[in-house]
Colleague: 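Encoded as structure tokens, here's the structure I'll be asking about.
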Amino acid sequence: MFFSRFKTKLPTAQEALPGRAEPVLAGSPRHTVLGNPILGPYPEGLKVADFALGCFWGAERRFWQTPGVWTTLVGYQGGHTPNPTYEEVCSGETGHTEAVRVVYDPAVVSYERLLKVFWESHDPTQGFRQGNDVGTQYRSAIYTHDDLQAKTAAASRDAFQPVLTASGYGEITTELAPAGPFHPAEEYHQQYLDKNPAGYCGLGGTGVSCPVGVAGA
């Protein structure tokens with residue numbers, strides 16, 4: 001790819017592509033599996049969690065399969081470019097991750113349980129890659145919406161690290177940061193593996209269980 005220097009280096013705000021004023025996702029689509037709207041505002045009492053763990057196709061499926069999740073959508077987060085396209089994100093010149101927004105009912109599923117799904121669904125020690133998928137958009141990240149989420153995410157990371165180390169893995173490279181703008185991806189990416197059951201899923205965990213009691217049910 002022409003902009004390959006940004007596959008392993010995040011662009012600065014000055015280097016990032018300019019983007020556009022309008023979102024790339026048009027309309028108000030419904031979740032093809034759960035049946036609920038994927039865009040807000042969401043019903044009162046529901047909460048939002050944002051995760052990046054590699055290619056967002058397989059990542060989204062892991063979360064929509066989790067009981068208590070009301071809706072999910074994929075998009076771009078953690079970068080500079082407003083309303084980027086998929087191609088722009090893949091160039092590395094926007095600084096975004098491929099992220100999943102999870103809207104959940106905290107009376108049914110805890111944030112800790114979602115963190116367990118996150119940690120066990122990918123290898124959080126790989127930096128700017130997941131398996132054969134290489135690029136800054138594939139980095140591991142948790143984007144938090146309040147202080148409690150931030151503290152809980154950090155505690156789960158700190159508990160998971162010694163278990164990973166004991167299993168021969170390196171240091172966790174997961175980015176923990178306050179949630180910034182979430183730019184929904186194009187409609188064909190939403191619930192991609194429901195629309196294309198034989199489609200590519202590059203998601204792969206470590207096989208190591210995140211400690212119950214810190215990121216448990």
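Note that the structure is a prediction, hence the values are computed from the model and not measured.
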Colleague: Look at the side-chain heavy atoms of Ile, Leu, Val, Met, Phe, Trp and Tyr, link any pair under 4.5 Å apart, and say whether V102 and V33 land in one connected group.
Modeller: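 Same cluster: V102 reaches V33 through Ile, Leu, Val, Met, Phe, Trp or Tyr contacts under 4.5 Å.
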Colleague: Strictly by modelled atom types, are D146 and Y111 linked by a side-chain donor-acceptor pair under 3.5 Å?
Modeller: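 The answer is no; no qualifying pair exists.
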Colleague: T72 and E60: side-chain donor and acceptor closer than 3.5 Å?
Modeller: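 Note: T72 and E60 side chains meet the donor-acceptor criterion.
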Colleague: When you compare the side chain of T144 with that of T152, does any pair of heavy atoms fall below 4.5 Å?
Modeller: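 No, too far: nothing below the 4.5 Å cut-off.
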Colleague: Any chance you could measure S121, atom OG, to R61, atom CZ, to the nearest 0.5 Å?
Modeller: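 Spacing of OG (S121) from CZ (R61) equals 11.0 Å.
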Colleague: Is F182 close to V48 at the side-chain level, that is, under 4.5 Å between some pair of heavy atoms?
Modeller: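 The answer is no; the side chains never approach within 4.5 Å.
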Colleague: With sequence neighbours excluded, tell me which residues meet side-chain contact (heavy atoms from CB on, under 4.5 Å) with T136.
Modeller: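 Testing T136 for side-chain contact (heavy atoms from CB on, under 4.5 Å), a comparison that skips the adjacent residues, returns L10, F128, R139.
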Colleague: Could you grab the distance from atom OG of S167 to atom CZ of F160, nearest 0.5 Å is fine?
Modeller: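 One gets 8.0 Å once the value is rounded to the nearest 0.5 Å.
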Colleague: Could you go through the side-chain contact (heavy atoms from CB on, under 4.5 Å) check for K9 and E15 one step at a time?
Modeller: CA-CA 11 Å; K9 172 187 176 293; E15 293 171 325; 3.2 Å; yes
Colleague: Are Y188 and F56 linked, directly or through intermediate hydrophobic residues, by side-chain heavy-atom contacts shorter than 4.5 Å (ILVMFWY only)?
Modeller: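 Result: yes, single cluster for both.
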Colleague: How long is the straight-line distance from CG of D158 back to CD1 of I172, given to the nearest 0.5 Å?
Modeller: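 Those atoms lie 8.0 Å apart.
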Colleague: Any non-hydrogen side-chain atom of K116 less than 4.5 Å from a side-chain atom of S209?
Modeller: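 Yes. Closest side-chain heavy atoms under 4.5 Å.
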Colleague: Considering non-hydrogen atoms only, spot the tightest contact between A159 and P211 and give its length.
Modeller: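 Closest pair (atom of A159, atom of P211, distance): O-CG, 3.6 Å.
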Colleague: Side-chain contact test, heavy atoms from C-beta onward, threshold under 4.5 Å: evaluate it for E175 versus Y143 and give yes or no.
Modeller: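 Of all side-chain heavy-atom pairs linking Y143 with E175, at least one is under 4.5 Å.
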Colleague: Give me the atom names and distance for the closest heavy-atom approach of R20 to V24.
Modeller: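 Taking every non-hydrogen atom into account, CD-CG1, 4.2 Å.
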Colleague: Is the side chain of Q190 donor-acceptor paired with the backbone N or O of H31 at a distance under 3.5 Å, no angle test?
Modeller: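 Here the side-chain-to-backbone pair does not exist.
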Colleague: Show your working on side-chain contact (heavy atoms from CB on, under 4.5 Å) between Q126 and S140 and close with a plain yes or no.
Modeller: CA-CA 8 Å; Q126 295 190 85; S140 175; over 6 Å; no
Colleague: Tell me the closest heavy-atom pair linking D50 and H145, and the distance in Å.
Modeller: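 Taking every non-hydrogen atom into account, OD2-NE2, 2.8 Å.
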Colleague: How many angstroms lie between CG in L114 and NZ in K47, if you round to the nearest 0.5 Å?
Modeller: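 Reported to 0.5 Å precision, the distance equals 11.5 Å.
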Colleague: Following the transitive rule for hydrophobic clusters with a side-chain heavy-atom cut-off under 4.5 Å over Ile, Leu, Val, Met, Phe, Trp and Tyr, establish whether L73 and L46 coincide in one cluster.
Modeller: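 Yes: a chain of side-chain contacts under 4.5 Å links L73 to L46.
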Colleague: Who passes ring-ring contact (aromatic ring centres under 6.0 Å, His included) against H80, sequence neighbours left out?
Modeller: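 ring-ring contact (aromatic ring centres under 6.0 Å, His included) list for H80, sorted by chain: empty.
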Colleague: Decide yes or no for S91 and L17: does some side-chain heavy atom of the first lie under 4.5 Å from some side-chain heavy atom of the second?
Modeller: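 A side-chain contact under 4.5 Å exists here.
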Colleague: Kindly write out the residues that satisfy ring-ring contact (aromatic ring centres under 6.0 Å, His included) with F51, not counting sequence neighbours, or none if the list is empty.
Modeller: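 Applying ring-ring contact (aromatic ring centres under 6.0 Å, His included) to F51 gives F63, F118.
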Colleague: Given E171 and Q161, is the side-chain contact (heavy atoms from CB on, under 4.5 Å) satisfied, shown in steps?
Modeller: CA-CA 7 Å; E171 291 295 310; Q161 181 64 72; 3.6 Å; yes
Colleague: With rounding to the nearest 0.5 Å, note down the distance linking OH in Y200 to CG in L193.
Modeller: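 These two atoms lie 10.5 Å from each other.
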Colleague: Could you tell me which non-hydrogen atom of A141 sits nearest to which non-hydrogen atom of T97, and how far apart they are?
Modeller: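 Heavy atoms of A141 and T97 come nearest at CB-CG2, 4.4 Å.
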Colleague: Under a 4.5 Å cut-off applied to non-hydrogen side-chain atoms, are L39 and L25 in contact?
Modeller: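 Yes. Closest side-chain heavy atoms under 4.5 Å.
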Colleague: Report yes or no: do I38 and Y192 belong to one cluster of Ile/Leu/Val/Met/Phe/Trp/Tyr joined by side chain heavy-atom distances under 4.5 Å?
Modeller: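 Different hydrophobic clusters.
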Colleague: Quick one: ring pair (Phe, Tyr, Trp, His ring centres under 6.0 Å) pairs with a partner in residues 84-104, sequence neighbours left out?
Modeller: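 Of all non-adjacent pairs touching residues 84-104, those that pass ring pair (Phe, Tyr, Trp, His ring centres under 6.0 Å) are Y86-H189, H96-H183.
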Colleague: P124 versus T206: any side-chain heavy-atom pair under 4.5 Å?
Modeller: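 When only atoms from C-beta onward are counted, T206 and P124 do touch, with a gap below 4.5 Å.
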Colleague: Sequence neighbours left out, what passes ring-ring contact (aromatic ring centres under 6.0 Å, His included) with W70? Give chain and number order.
Modeller: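 Checked W70 against ring-ring contact (aromatic ring centres under 6.0 Å, His included); zero matches.
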Colleague: Excluding sequence neighbours, so at least two apart, what forms side-chain contact (heavy atoms from CB on, under 4.5 Å) with T32?
Modeller: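 Only Q191, D194, K195 meet the side-chain contact (heavy atoms from CB on, under 4.5 Å) criterion with T32.
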Colleague: Q137 and T94: side-chain contact (heavy atoms from CB on, under 4.5 Å), yes or no, with the steps?
Modeller: CA-CA 9 Å; Q137 76 270 27; T94 74; over 6 Å; no
Colleague: So which heavy atom on T71 is nearest to which on N36, and how close?
Modeller: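 What the structure gives for the nearest pair is OG1-O, 3.7 Å.
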Colleague: Could you measure the distance from the CG atom of L115 to the OG atom of S156? Nearest 0.5 Å is fine.
Modeller: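 Interatomic distance, L115 CG to S156 OG, rounded to 0.5 Å: 4.5 Å.
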Colleague: Identify the two heavy atoms, one from E187 and one from P29, that lie closest to each other, and give their separation to 0.1 Å.
Modeller: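 Nearest heavy atoms, E187 then P29: OE2-CB, 3.7 Å.
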Colleague: Mark yes or no for whether E120, through its side chain, and C210, through its backbone, hold a donor-acceptor pair below 3.5 Å.
Modeller: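 The answer is yes, because a donor-acceptor pair under 3.5 Å joins these two groups.
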Colleague: Would a 4.5 Å heavy-atom cut-off, applied to side chains only, mark E98 and W57 as touching?
Modeller: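 Heavy-atom side-chain distance check fails, nothing below 4.5 Å.
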